[in-house]
Student: 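My questions will all concern the structure given below.
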Number of protein chains: 2
Amino acid sequence: MRGAPAELTERHRDVLRVVIQDYIASAEPVGSRSVARKYGFRLSPATIRNVMADLAECGYLAQPHTSAGRVPTDQGYRIYVDSLMDRRPLTRAQEGMIEKRFYHVHEEVGDLMREATKLLSGLSRSVGVVLAPRVDQLAIRRIEFVQQSAERILVILVTTSGQVHHKMVALDEAIPQEELNTMARLLNAMVEGMSLSRVRQLLVKKMAEEKAMYDALLRQALKLGQKSFAEETEGEVYIDGTTNIMHEPEFADVEKMRAIFVAFDETSKLVRILDQCLGQQGLSVIIGSENVLREWQRLSLVMAPYYSGEQLLGTLGVIGPTRMDYDKIVPLVDFTARLVSRSLTEVAS
Amino acid sequence: MRGAPAELTERHRDVLRVVIQDYIASAEPVGSRSVARKYGFRLSPATIRNVMADLAECGYLAQPHTSAGRVPTDQGYRIYVDSLMDRRPLTRAQEGMIEKRFYHVHEEVGDLMREATKLLSGLSRSVGVVLAPRVDQLAIRRIEFVQQSAERILVILVTTSGQVHHKMVALDEAIPQEELNTMARLLNAMVEGMSLSRVRQLLVKKMAEEKAMYDALLRQALKLGQKSFAEETEGEVYIDGTTNIMHEPEFADVEKMRAIFVAFDETSKLVRILDQCLGQQGLSVIIGSENVLREWQRLSLVMAPYYSGEQLLGTLGVIGPTRMDYDKIVPLVDFTARLVSRSLTEVAS
DNA sequence: CCTTAGCACTCATACGACGAGAGTGCTAAC
DNA sequence: GTTAGCACTCTCGTCGTATGAGTGCTAAGG
């Protein structure tokens with residue numbers, strides 16, 4: 001078995017599990033001695049040492065320096081979450097508590113997102129994040145135009161889920177508020193219940209059809225509609241509990257911590273990372289160096305998508321040091337995603 | 001002059017100024033030697049020592065330990081900003097750059113606030129904050145009702161300055177969207193251009209008048225209006241550049257830094273502090289322990305109010321360590337407040 | 001062949017001593 | 001009032017040493 005460790009025996013897996021769990025709990029390199037102890041002394045430290053040497057050779061463990069204990073590598077964590085982990089499900093009491101907290105926030109989607117973020121960060125003692133639904137994908141309930149100045153109007157979009165978005169649109173020529181109202185009425189009748197991206201297609205089609213026709217107002221309305229819906233919107237990110245990770249010993253160095261906080265501030269990059277998780281089916285875990293961006297290589301993400309009915313809306317989860325308590329956090333994220341989905345599904349129906 | 005230092009001579013003031021400026025630049029206790037040097041050697045270190053001893057006795061300087069140099073106390077900073085400071089005005093180039101950055105953000109008030117925050121934090125290398133106008137004080141341009149479910153409607157308010165606010169309102173009985181539109185029209189005609197707080201008064205008055213009358217729809221509209229405008233809104237805070245202060249040597253200790261960041265996260269407390277500045281006439285500086293809240297005692301604020309025309313809207317400024325570069329930051333905040341006021345005044349007209 | 005005891009070896013860490021350097025306060029002379 | 005001189009204090013960095021945890025290897029035992 002030396003030289004070229006072909007495959008992991010059951011014992012290797014057991015030891016790896018113990019080492020990782022111990023390291024997650026203590027944040028300190030773990031030695032053969034303490035593994036033997038956790039093992040009930042059925043094996044001697046010397047034996048464990050041999051096993052650990054194998055694991056180190058496979059790249060699942062590393063030692064900070066000769067004669068320190070072993071520390072899991074990102075690869076080690078990967079195996080752990082894929083096949084070694086003991087998921088520690090939420091207690092009934094915790095689940096009840098969470099459900100209660102969601103019970104009161106049917107009001108507005110924004111509140112729901114904020115509540116979910118707080119909940120995730122609070123229970124994980126790490127950073128909670130929610131990638132909010134992109135407006136593109138949501139069904140429109142209403143569009144409204146408000147004249148702001150001669151050549152500027154404020155466009156307000158309301159989604160069926162109760163989100164409100166607004167943007168300014170510049171005009172070539174002034175349009176009186178009265179006319180704007182009529183145009184809004186026309187468009188509302190046309191787009192209610194459709195998603196933004198579908199609306200975009202529809203407008204292009206209608207424009208073509210209408211070209212021949214002679215209803216100037218409708219033409220103008222379509223044109224304004226196109227302007228309003230033009231931009232691809234970027235997902236909004238809710239984030240909470242960043243101060244939690246300051247406690248983690250791995251960020252005791254101020255410079256490292258600063259790097260992390262700068263990373264959290266750059267929401268656009270964060271969005272891109274979270275967008276990746278959207279592509280995945282079900283819960284996904286990204287561990288340290290699996291992340292492309294340098295600033296994120298010391299962090300892990302546990303993310304799960306959430307839905308309204310069948311429709312994928314966004315993703316939510318927890319960001320923490322690679323040495324995070326996956327056993328606890330994976331079930332937490334899973335449960336939270338389910339609950340958010342349920343809330344959103346109820347609102348939509 | 002020993003024993004009971006009655007009043008500060010010109011020399012005392014000069015020395016105090018030099019010590020504070022040196023400490024702000026170096027973050028290190030300053031000794032008599034270096035003060036003498038900055039003085040052009042017109043006085044010997046020994047003389048300076050006597051002066052500094054007086055200043056220490058008055059409570060303007062302190063020493064971290066015997067045989068270290070002197071460090072300004074909060075009281076020392078207070079005297080400094082009140083009467084010793086050499087304001088270092090912005091250069092023409094800087095002013096031009098700032099004006100340029102504001103030129104493009106007429107679009108939306110939110111953008112303007114965000115831009116101002118970024119600008120303040122960027123140029124000060126500290127934390128920039130803007131306390132946004134409370135909706136109460138802004139003039140309403142438009143109100144809109146969107147039915148969200150049977151007993152819930154979404155109320156959307158647009159201010160003349162282009163801010164959009166929304167909230168959910170629960171109803172006792174369902175009202176069809178058609179009727180909601182009519183009600184919105186009635187209310188719009190009534191409230192356009194008034195501030196929220198004035199609208200509140202108006203509605204109470206109208207309600208009383210209308211009691212006798214028989215227009216059920218109008219009655220209902222007024223009631224709904226009251227619900228919509230009921231709550232006192234809390235000011236929103238924009239904040240940027242929190243990562244800047246991580247560099248400051250006074251926060252090298254992780255625990256202190258965490259305390260600061262927790263403080264920044266508690267926006268409600270922040271709002272209360274900023275509200276205090278609103279009461280002040282003109283630019284105000286709050287130094288360290290002058291702050292009531294424990295978490296804030298290591299920080300200073302330089303804040304200035306901004307207006308739309310004559311009307312006081314909010315306050316903006318910079319938060320940094322007590323050892324911040326007041327010479328530079330005071331003019332910066334002052335200028336930014338002026339510019340924001342100008343932008344807002346233009347939009348309103 | 002796997003397991004284990006024993007042992008030499010390697011580092012990180014804590015501790016104390018030591019010296020250098022910066023700065024003070026005081027005293028006495030100018 | 002100002003200044004030179006001096007003794008004193010205190011921090012900080014360095015260095016050597018002791019300590020202890022943990023390893024890898026070897027050889028003996030099941």
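FYI, side chains are in, hydrogens and waters are out, and symmetry mates aren't considered; it's all heavy atoms of this structure. Because the structure is predicted, anything quoted here is derived from the model rather than measured. Protein chains get the first letters and strands the later ones, always in sequence-line order, with residue 1 at the start of each.
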Student: Please determine if A:Asp327 and A:Arg87 form a salt bridge, counting it only when a charged side-chain N lies under 4.0 Å from a carboxylate O.
Tutor: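 A salt bridge is absent here (no side-chain N lies under 4.0 Å from a carboxylate O).
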Student: Find the distance between CD1 (A:Ile273) and CD (A:Glu266) and round it off to the nearest 0.5 Å.
Tutor: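 Going from CD1 on A:Ile273 over to CD on A:Glu266, the span is 10.0 Å.
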Student: Within the pair B:Arg70 and C:dT24, is there a side-chain N or O less than 4.0 Å away from OP1 or OP2?
Tutor: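 Affirmative; the distance criterion is met.
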Student: Once you round to the nearest 0.5 Å, how far does CG of B:Asp74 lie from OG of B:Ser300?
Tutor: 6.5 Å
Student: Grab the NE2-C1' distance between B:His65 and D:dT11 for me, whole Å please.
Tutor: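 So the two atoms are 5 Å apart, to the nearest Å.
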Student: Rounded to whole angstroms, how far apart are CD on A:Gln63 and C1' on C:dC11?
Tutor: 11 Å
Student: Taking CG from B:Leu43 and P from D:dA4, how many angstroms apart are they, rounded to a whole number?
Tutor: 11 Å
Student: Is any side-chain N or O of B:Arg49 under 3.5 Å from a base N or O of C:dG25, one able to act as donor and the other as acceptor?
Tutor: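 Yes.
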Student: Counting only side-chain heavy atoms from C-beta out, which of D:dT23, C:dA22, D:dA4 sits nearest to B:Ser67?
Tutor: C:dA22
Student: Near DNA chain D, under 4.0 Å by heavy atom, which residues of residues 18-32 of chain A?
Tutor: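 Contacts with DNA chain D under 4.0 Å: A:Gly31, A:Ser32.
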Student: Would you mind checking if B:Glu250 and B:Lys256 are paired as a salt bridge, meaning a charged N to carboxylate O distance below 4.0 Å?
Tutor: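 Looking at B:Glu250 together with B:Lys256, the answer is no, because their closest N to O distance does not fall below 4.0 Å.
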Student: Would you say the rings of B:Tyr80 and B:Tyr60 are close, in the sense that their centroids are separated by under 6.0 Å?
Tutor: no
Student: Mind checking the CG-CD spacing from B:Asp325 to B:Gln21? Nearest 0.5 Å is all I need.
Tutor: 9.0 Å
Student: I need the CD-P distance between B:Glu10 and D:dG1, as an integer number of Å.
Tutor: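 To the nearest whole Å, that distance equals 17 Å.
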Student: Looking at B:Asp14 and B:Arg11, is there a salt bridge between them, counting it only when a charged N and a carboxylate O are closer than 4.0 Å?
Tutor: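 No.
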Student: Go nucleotide by nucleotide along DNA chain D from the 5' end; which of B:Thr66 and B:Arg42 gets its closest nucleotide reached first?
Tutor: B:Arg42
Student: Write down the distance between CD1 (A:Ile48) and P (C:dT4), rounded to a whole number of angstrom.
Tutor: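 Atom CD1 in A:Ile48 sits about 9 Å away from atom P in C:dT4.
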Student: Would you mind telling me which residue lines up with the more 5' stretch of DNA chain D, B:Arg11 or A:Gly69, judged by nearest nucleotide?
Tutor: B:Arg11
Student: Rounded to whole Å, how long is the line connecting atom CE of B:Met52 with atom P of C:dA22?
Tutor: 16 Å
Student: Would you kindly give the CG-to-P distance between B:Asp54 and D:dG1, to the nearest whole Å?
Tutor: 11 Å
Student: Take atom CG of B:Asn50 and atom P of D:dG5, then tell me their distance rounded to the nearest Å.
Tutor: 17 Å
Student: Would the base of C:dT4 count as contacting A:Ser44 through its side chain, where contact means a donor and an acceptor less than 3.5 Å apart?
Tutor: no
